[in-house]
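Encoded as structure tokens, the structure appears first; notes follow it.
Basis for what follows: all heavy atoms, side chains included, without hydrogens, waters or symmetry-related copies.
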Number of protein chains: 2
Amino acid sequence: MSIRKPRPTQSERATLADIAARVGVSSITVSRAINTPQLVSEELRTQIASVIADIGYIPNRAARALARARSDSVAVLIPSLSNTVFTDVLAGARDVLHAHGYRTLIGDTRYSPAEEENLFRAYLEHSPDGVLLTGFDQTPLIRQLLEKSRMPVVHMMELAGPDSYCVGLNQFDAGHAMASHLLSRGYRRIGFLGAQLDPRVMQRLYGYRSALQEAGLPFAAGEILDATPSSIGLGVDMLGRLLRQAPDCDALFCCNDDLALGVLFESRRRDIRVPEQLAVAGFNDLAASAWVSPSLTTIATPRYNIGHAAATMLLQRMRGETPAASNIDLGFSLRVREST
Amino acid sequence: MSIRKPRPTQSERATLADIAARVGVSSITVSRAINTPQLVSEELRTQIASVIADIGYIPNRAARALARARSDSVAVLIPSLSNTVFTDVLAGARDVLHAHGYRTLIGDTRYSPAEEENLFRAYLEHSPDGVLLTGFDQTPLIRQLLEKSRMPVVHMMELAGPDSYCVGLNQFDAGHAMASHLLSRGYRRIGFLGAQLDPRVMQRLYGYRSALQEAGLPFAAGEILDATPSSIGLGVDMLGRLLRQAPDCDALFCCNDDLALGVLFESRRRDIRVPEQLAVAGFNDLAASAWVSPSLTTIATPRYNIGHAAATMLLQRMRGETPAASNIDLGFSLRVREST
DNA sequence: CTGTTAGCGCTTTCAA
DNA sequence: TTGAAAGCGCTAACAG
């Protein structure tokens, strides 16, 4: 009769069986008291509840996930955790998911599809019940894995064809709208500053170009495109570059408010009057934009609502329901302020 | 002879046993080939590797966590995900933890100890191998649970006695240093704007008061304290309130850069010259602060490094090692700019 | 309403 | 270097 060493256990933590033993029932009854209390008699329920409170029982999610073959978790991949745009989206998604008992596995892809692939594969090991992704530029492997696992997925921020589920806004239209606004204000030599150059920035750029073209204006007059991450400092720098390239520029559409704020600050340093000498427009309507002086004309995007609606749609899909619409366009709104 | 329905499984996903069957070995050998390849013969290893790649095997973390009684995950609780201060800390922690194979369970407590308690209890179910917490104002229940489970924990942002593990900076000293700077510049009617009023803000406030007292100045001349969350808009508003309360104020120490930026913007609107009529100082050195005009005097905090060092210390504790120091003071630095 | 049994997918222990 | 057996903590299925 050989004595085996006991295997490692979750360091003294009480289990369902411990509770069960104390109450004098079987563990499945305790499990029911927790998960489907209506199936357990009032008397046992209260007894069990008191022992649970007494012992300080903490269920083991890993065991539950293994037994039920679902994890009650959702992976959410966003390009950056240090950009309010995406933390707002995340807040909306988390509020919905947490309220429905899901945990979120948050991944920061750093705007890199390769990193997104790494994170996605890593999170797959946790068997998330669904995924929220940003945009549509996933690697082929991700697409293949998604298809193979038939895991519900909802894309955020951009729109696409009816064969994929997404919640976002038309970035092309938004870029077009801002360029049209500048044109309607009488500006004719409108430059563009683009950083990061992720798909959404590119769509805004194309919208801008198309508006200029429709107005019969040279379509790449003063474009500065730089793939490095957006920042206020980069905006400062890019204004210099643009003025060297197109000194006669009278308006500037920045692909986001970070760049635009940098342009505003640098304009003040260079004594360029905004909007008299140079109009400045941004994108996203960050907190600073309404308060900076001159206040910044920009496009407000419904970020929290995008996260909220995307998570809601994902919930439906995880429940096996078919959402009323596969594409939800939450739009954008032009905020005209002092800078134009 | 009754035939039972098969229980739900992870929807067709291959298991170790599937790989093992294909190769003609037992599943433990496949497990070894993955986790401790040096224990498996070269030949089997390559065979197994090719089948794994072929099938696209994805390990099941829940099963592994259950069997090993550890989750390879770390819970990280921060007050806010929409505040760069904490996403910077988070970035530092994640870089370390991910590099060592840990997943991070991110929780946003919204500056509420009660919400922190909820999140902590929820994440306990995942049996994290360690925890990173912000500050020291945890609820008694959290403290009790931590003690009971003897789970390694490292506190971030603040410092404490040698009986707890932490990485941060002395917030009192930092507040004191900024007030001293303003005094050294000759300002005498120095006001304070505080929002959120979390423990770190209060410590800065006490540091400020103590510096004023040491200088023999009335110590609550113009303090505006408001428990609502910090924002640029709140800074705008608070400047108005302060000027009503203390119109002769000549310098303003804002508990963070958000408020300070609001003050700068609003000063410009009100044609208050900074720093001639009113000096303005902030805290944290956000990206905008160096570029805004006038540029903002502030205290730079080593946020990324705090997260990095805290995670490193936690790793040591999770490995059962004793870190060289239980308290790591990463300091701060005064950035004197145009606004003072 | 409660219990028995079996099994989720993996890794530990022990044995060869 | 490989394998058999057992078990981690929980819940689905079936039976009473």
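- Remark: P of D:dC10 and CG of A:D72 are 15 Å apart, rounded to the nearest angstrom.
- Protein atom CG of B:L16 is 15 Å distant from nucleotide atom C1' of D:dT2, rounded to whole Å.
- To the nearest angstrom, P of D:dT11 lies 12 Å from CD1 of A:I19.
- Residue A:I28 contributes atom CD1, which lies 16 Å from atom P of C:dG7 at whole-angstrom precision.
- A close approach under 4.0 Å does occur between a side-chain nitrogen or oxygen of A:T9 and OP1 or OP2 of D:dG9.
- Among residues two or more places apart in sequence or in another chain, the side-chain hydrogen bond (donor to acceptor under 3.5 Å, both in side chains) test is passed with A:S80 by A:S82.
- Sequence order on DNA chain C of the closest nucleotides to B:T15 and A:S26 puts A:S26 first from the 5' end.
- B:R103 and B:H98 share no donor-acceptor pair across their side chains, judged by distance under 3.5 Å alone.
- Contacts between residues 54-66 of chain B and DNA chain D, counted as heavy-atom distances below 4.0 Å, involve B:L66.
- Ring orientation note: the planes of B:F86 and B:Y111 are nearly perpendicular, at an angle over 60° on the 30°/60° scale.
- Taking every heavy atom of residues 120-127 of chain A and every atom of DNA chain D, no pair lies under 4.0 Å.
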Hey, can you pull the donor-acceptor pairs under 3.5 Å for the side chains in residues 307-314 of chain B, sequence neighbours left out?
| unit_1 | atom_1 | unit_2 | atom_2 | d |
| --- | --- | --- | --- | --- |
| B:T312 | OG1 | B:H308 | O | 2.7 |

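- Applying the salt bridge (charged side-chain N to carboxylate O under 4.0 Å, His left out) rule to pairs touching residues 47-62 of chain B yields A:E125-B:R61, B:R22-B:D54, sequence neighbours excluded.
- A donor-acceptor pair under 3.5 Å is formed between the side chain of B:R13 and the backbone N or O of B:P59.
- Minimum heavy-atom separation, B:P79 to B:R200: CG-NH2, 3.7 Å.
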For residues 63-71 of chain B, please give each side-chain donor-acceptor pair under 3.5 Å, one per line with the distance, not counting sequence neighbours.
| unit_1 | atom_1 | unit_2 | atom_2 | d |
| --- | --- | --- | --- | --- |
| B:R64 | NH2 | B:N35 | OD1 | 2.4 |
| B:R68 | NH2 | B:D72 | OD2 | 3.3 |
| B:R70 | NH2 | B:D72 | OD1 | 2.7 |
| B:S71 | OG | B:S73 | N | 3.3 |
| B:S71 | OG | B:S73 | OG | 2.8 |
| B:S71 | OG | B:S127 | O | 2.6 |
| B:S71 | OG | B:D129 | OD1 | 3.4 |

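- The backbone N or O of B:V25 lies less than 3.5 Å from no partner atom in the side chain of B:T29, so there is not a single donor-acceptor pair.
- Taking 4.0 angstrom as the limit, A:T29 places a side-chain polar atom (N or O) nearer than this to OP1 or OP2 of C:dG3.
- Within the structure, salt bridge (charged side-chain N to carboxylate O under 4.0 Å, His left out) pairs that include any residue of residues 144-156 of chain B do not occur (at least two apart or interchain).
- Rotation axes derived from the C1' atoms of the five outermost pairs at either end of the helix from C:dC1-D:dG16 to C:dA16-D:dT1 lie 30° apart, to the nearest 10°.
- Nearest-nucleotide assignment on DNA chain D puts the 5′-proximal partner with B:V25, out of B:V25 and A:R13.
- Residues from residues 31-46 of chain A with heavy atoms under 4.0 angstrom of DNA chain D, sorted by number: A:S31, A:R32, A:N35.
- For A:E117, the salt bridge (Lys or Arg N to Asp or Glu O under 4.0 Å) test picks out no residue, with sequence neighbours left out.
- Listed by first and then second residue, the side-chain hydrogen bond (donor to acceptor under 3.5 Å, both in side chains) pairs that reach into residues 315-328 of chain A are A:R319-A:E321, sequence neighbours excluded.
- With sequence neighbours excluded, the residues that form a salt bridge (Lys or Arg N to Asp or Glu O under 4.0 Å) with B:D95 are A:R110.
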